[in-house]
Asks: 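I have a structure here, written as structure tokens, and I will follow up with some questions on it.
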Amino acid sequence: MCGIVGYIGKNEAAPILLEGLKRLEYRGYDSAGIAVINSAGVKCIKSVGRVKKLEKLLLKKKIGSNIGIAHTRWATHGKPSIANAHPHFTTHKNIFVVHNGIIENYQELKDQLKKKGHKFVTDTDSEVIAHLIEDCYHPTRKDSDDKPKGHFEKAVKAALKKIIGAYGLAIICRDEPDKIVAARYGSPLLIGIGKKEKIIASDAAAVIGRTKKVIYLEDGEIAVINGSKIKVSNIYSAKGSEASGKSIKKKINTITWGQDEISKAGYNHFMAKEIHEAPEVIINSTRGRCIAARSLAKLGGLESVKKELKNISRLIIVACGTARNAGLVGEYMIEEAAGIPVEVEYASEFRYRGPIVNKNTAVMAISQSGETADTLAAIKEAKKQDALTLGIVNVVGSSITRETDAGVYNHIGPEIAVASTKAYISEIIILALLTVFLGKTHKNMSAKKAKEILYEIEKLPKKVQSIFGQEQIIKKIARKYKRSDNFLYLGRKYNYPTALEGALKLKEISYIHAEGHPTGEMKHGPIAMIEPDFPSVFITPKDSVYEKNISGIEEVKARDGKIICIATQGDKKISKLADDVIYIPKTIEMLTPILAALPLHLLAYYIGVGKGYNVDKPRNLAKSVTVE
Ligand code: F6R
């Protein structure tokens with residue numbers, strides 16, 4: 001995910017900014033940039049790739065400066081390129097901006113600014129911020145008229161009031177070269193207070209080498225950092241009118257963590273951090289897309305093919321591993337609620353079985369990395385046969401996004417742990433939105449049904465958060481069963497894929513043999529494995545197949561197998577049947593796989609950790625499988 005660093009103080013800014021960027025590298029990024037300011041103007045240098053490359057470019061230039069901003073970018077709008085890297089600036093090179101977050105109304109603002117003569121040179125949403133500030137700072141600036149006219153802080157405030165979306169920002173202004181303005185709404189930002197210097201950063205990791213004293217900005221706050229002074233005020237007033245501009249007294253906090261823990265945000269592993277990111281993953285995947293009040297699932301990335309999508313009679317999902325498990329959930333959702341036939345294929349099998357597709361078939365890849373060779377090959381095969389190709393991909397600008405006709409990004413930041421957890425949650429959420437989108441385009445879903453699904457999606461972040469309240473119970477279960485050699489995972493309908501996902505995750509992280517099956521299949525073979533103490537994990541929320549799952553539980557119980565259940569809160573019957581229960585909140589049937597996956601991801605995590613394995617980098621696995 002993107003990272004911000006800003007520096008103002010008595011030292012040379014560029015090396016400190018670079019140091020800060022290096023400390024943010026763990027977050028993942030594709031390009032980097034820096035802008036420093038002195039009496040001669042602003043020097044801005046950007047590069048694609050590692051921060052080391054940017055450092056080499058900077059070493060070639062001598063720039064004396066004590067003020068600057070820098071950024072590592074992880075593409076969301078527009079592929080990784082020098083132009084799309086931050087800082088972004090205006091035609092007159094007056095305002096320079098680094099931005100984390102997403103500006104939802106950027107297209108609308110861009111169109112308005114273009115009409116006023118602003119020239120845009122990037123594909124990003126962030127560039128619009130620089131132009132908007134410039135427009136507020138100096139609304140009539142012409143090439144011949146280069147005199148300062150505005151008030152930097154006021155211009156930033158005025159611009160931010162026009163923005164809808166999330167931002168963490170650090171901004172410099174050539175015409176007011178003695179300050180940095182920073183602002184936050186929905187994307188973290190802090191100011192480190194060092195000896196005669198201030199460091200602005202999106203993540204404490206960037207400042208920890210220079211100071212442990214920090215001020216955290218809250219949503220809706222703006223800070224002007226000028227020499228030794230920091231003035232924090234509100235951007236918005238409580239009633240939406242002009243904020244008073246009065247300074248807010250901020251508390252100075254002391255960071256007690258070291259660099260290592262901070263990069264994992266206090267968690268021992270990236271996998272734990274990413275599982276716990278679930279609430280914000282849901283918010284980020286649905287931002288601007290889930291509009292329950294209007295029964296609307298807005299998937300901007302599919303607008304260009306809306307007409308073609310109306311004509312499809314069949315959808316084939318191609319994916320691998322965890323992404324395929326998410327696809328299977330999508331199959332149940334789209335068939336049941338949107339009335340369109342769906343097939344889910346192992347991407348690695350697709351092209352070898354002579355698939356029959358035509359222009360009324362859409363083939364959709366699901367891939368976190370967007371680089372999985374098998375999935376990419378499946379899409380190429382589908383294209384050869386004239387199918388409409390789509391993608392649900394996390395990494396912007398990746399091969400699958402370039403190869404497909406249209407698609408939806410996850411917008412959840414990089415997934416660092418090799419085992420996919422947060423991407424799985426996001427992929428299912430997007431498939432739920434797609435279900436509403438397709439249900440409505442095909443006129444198979446009423447507005448009432450759409451509204452019901454979307455309202456339930458909106459409630460998920462809180463429900464997901466409540467599952468973490470059971471972590472001690474999950475840890476206890478992990479301790480109890482970590483020495484088992486085998487596990488069965490069983491579920492029906494929407495949670496058959498959850499069983500596959502639970503088993504896959506346990507295998508990957510703990511190297512315990514685990515199999516996932518539909519509960520109904522158990523009696524056709526897997527039941528032969530059951531013996532006293534053999535653990536079976538049943539995913540049994542209160543849904544349309546609840547009683548069928550209970551029969552499966554009884555069959556295992558009759559053979560003295562151990563039973564672990566994922567059940568709906570308040571289910572007393574399950575507590576009598578199972579040896580151990582992890583409860584999840586109630587939701588509509590099609591969304592239960594999201595809530596049920598979290599305890600299973602945590603269970604795999606704690607068993608792996610309990611066995612002493614490196615859960616972030618399991619043996620024999622790679623994050624991005626770019627070979628067939
Ligand atoms: C499982 C896992 C893998 C990936 C699979 C596809 O935890 O990480 O099974 O899901 O390799 O990867 P992407 O989604 O990048 O195509």
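Counting starts at 1 for both ligands and their atoms, following the listed order. Basis for what follows: all heavy atoms, side chains included, without hydrogens, waters or symmetry-related copies. Since this is a predicted model, take the numbers as computed values, not measurements.
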Asks: Should Tyr424 and His601 count as side-chain neighbours, where that means a heavy-atom distance under 4.5 Å?
Replies: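 Side-chain contact under 4.5 Å: yes.
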Asks: Got more than 12 heavy atoms from elsewhere within 6.0 Å of CZ, Arg483?
Replies: no
Asks: Quick check on contacts: which atoms of ligand 1 are under 4.0 angstrom from a heavy atom of Ala323?
Replies: 10 (O), 14 (O)
Asks: Check Glu371 against ligand 1 and report side chain, backbone, both or neither, counting heavy atoms closer than 4.0 Å.
Replies: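 None of Glu371 does.
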Asks: If you measure from the Lys or Arg side-chain nitrogens to the Asp or Glu carboxylate oxygens, is any gap between Lys493 and Glu589 under 4.0 Å?
Replies: yes
Asks: Report yes or no: is the cationic atom of Arg479 (NZ for Lys, CZ for Arg) closer than 6.0 Å to the six-membered ring centre of Tyr606, at no more than 45° off its axis?
Replies: no
Asks: Below 4.5 Å, heavy atoms only, C-beta onward: do Pro518 and Arg492 meet side chain to side chain?
Replies: no
Asks: What protein heavy atom is closest to atom 13 (P) of ligand 1, reported as residue, atom name and distance in Å?
Replies: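 Going by distance alone, atom 13 (P) of ligand 1 is nearest to Thr372 OG1, 3.2 Å.
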Asks: Would you verify whether the NZ or CZ of Lys273 falls within 45 degrees of the ring axis of Tyr267 while also being under 6.0 Å from that six-membered ring's centre?
Replies: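 Relative to the ring axis of Tyr267, which defines the angle, Lys273 lies outside at least one limit.
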Asks: Counting from 1, what ligand 1 atoms have a heavy atom of Val418 closer than 4.0 Å?
Replies: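 Counting atoms of ligand 1 from 1, those under 4.0 Å from Val418 are 8 (O).
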Asks: State the atoms of ligand 1, each with its element, that fall below the 4.0 Å cut-off from a heavy-atom position in Ser367.
Replies: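 By the 4.0 Å cutoff, the relevant atoms are 13 (P), 14 (O), 15 (O), 16 (O).
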Asks: Quick one: nearest non-hydrogen protein atom to atom 14 (O) of ligand 1, plus distance?
Replies: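 Checking every protein heavy atom, the shortest distance to atom 14 (O) of ligand 1 gives Gln368 N, 2.7 Å.
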Asks: Give me the residue, atom name and distance of the protein heavy atom closest to atom 5 (C) of ligand 1.
Replies: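 Answer for atom 5 (C) of ligand 1: Cys320 O, 3.6 Å.
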Asks: Measure the distance from atom 15 (O) of ligand 1 to every protein heavy atom, then report the residue, atom name and distance (to 0.1 Å) of the closest one.
Replies: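 So the nearest neighbour among protein heavy atoms is Ser369 OG, 2.6 Å.
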Asks: Does Tyr106 have its ring centroid less than 6.0 Å away from the ring centroid of His77?
Replies: yes
Asks: Determine whether Asp125 and His99 make a side-chain contact, defined as any pair of heavy atoms from C-beta on separated by less than 4.5 Å.
Replies: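 Yes. Closest side-chain heavy atoms under 4.5 Å.
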Asks: Please write down residue, atom name and distance for the protein heavy atom closest to atom 2 (C) of ligand 1.
Replies: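 For atom 2 (C) of ligand 1, the nearest protein heavy atom is Glu508 OE2, 3.6 Å.
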Asks: Relative to atom 9 (O) of ligand 1, which among Ile392, Val625, Thr322, Leu621 owns the nearest non-hydrogen atom?
Replies: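 Closest candidate by heavy-atom distance is Thr322.
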Asks: Just heavy atoms, cut-off under 4.0 Å: does Arg324 contact ligand 1 by side chain, backbone, both, or neither?
Replies: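 Neither part.
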Asks: Step through it carefully: locate the ring centre of Tyr489, locate the ring centre of His517, and say whether they are under 6.0 Å apart.
Replies: no
Asks: Number the atoms of ligand 1 from 1 as they appear, then name those within less than 4.0 Å of a heavy atom of Lys505, with their elements.
Replies: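 Going through ligand 1 atom by atom, the ones under 4.0 Å from Lys505 are 1 (C), 7 (O).
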Asks: What are the atoms of ligand 1, with element, lying closer than 4.0 Å to any heavy atom of Gly321?
Replies: 9 (O)
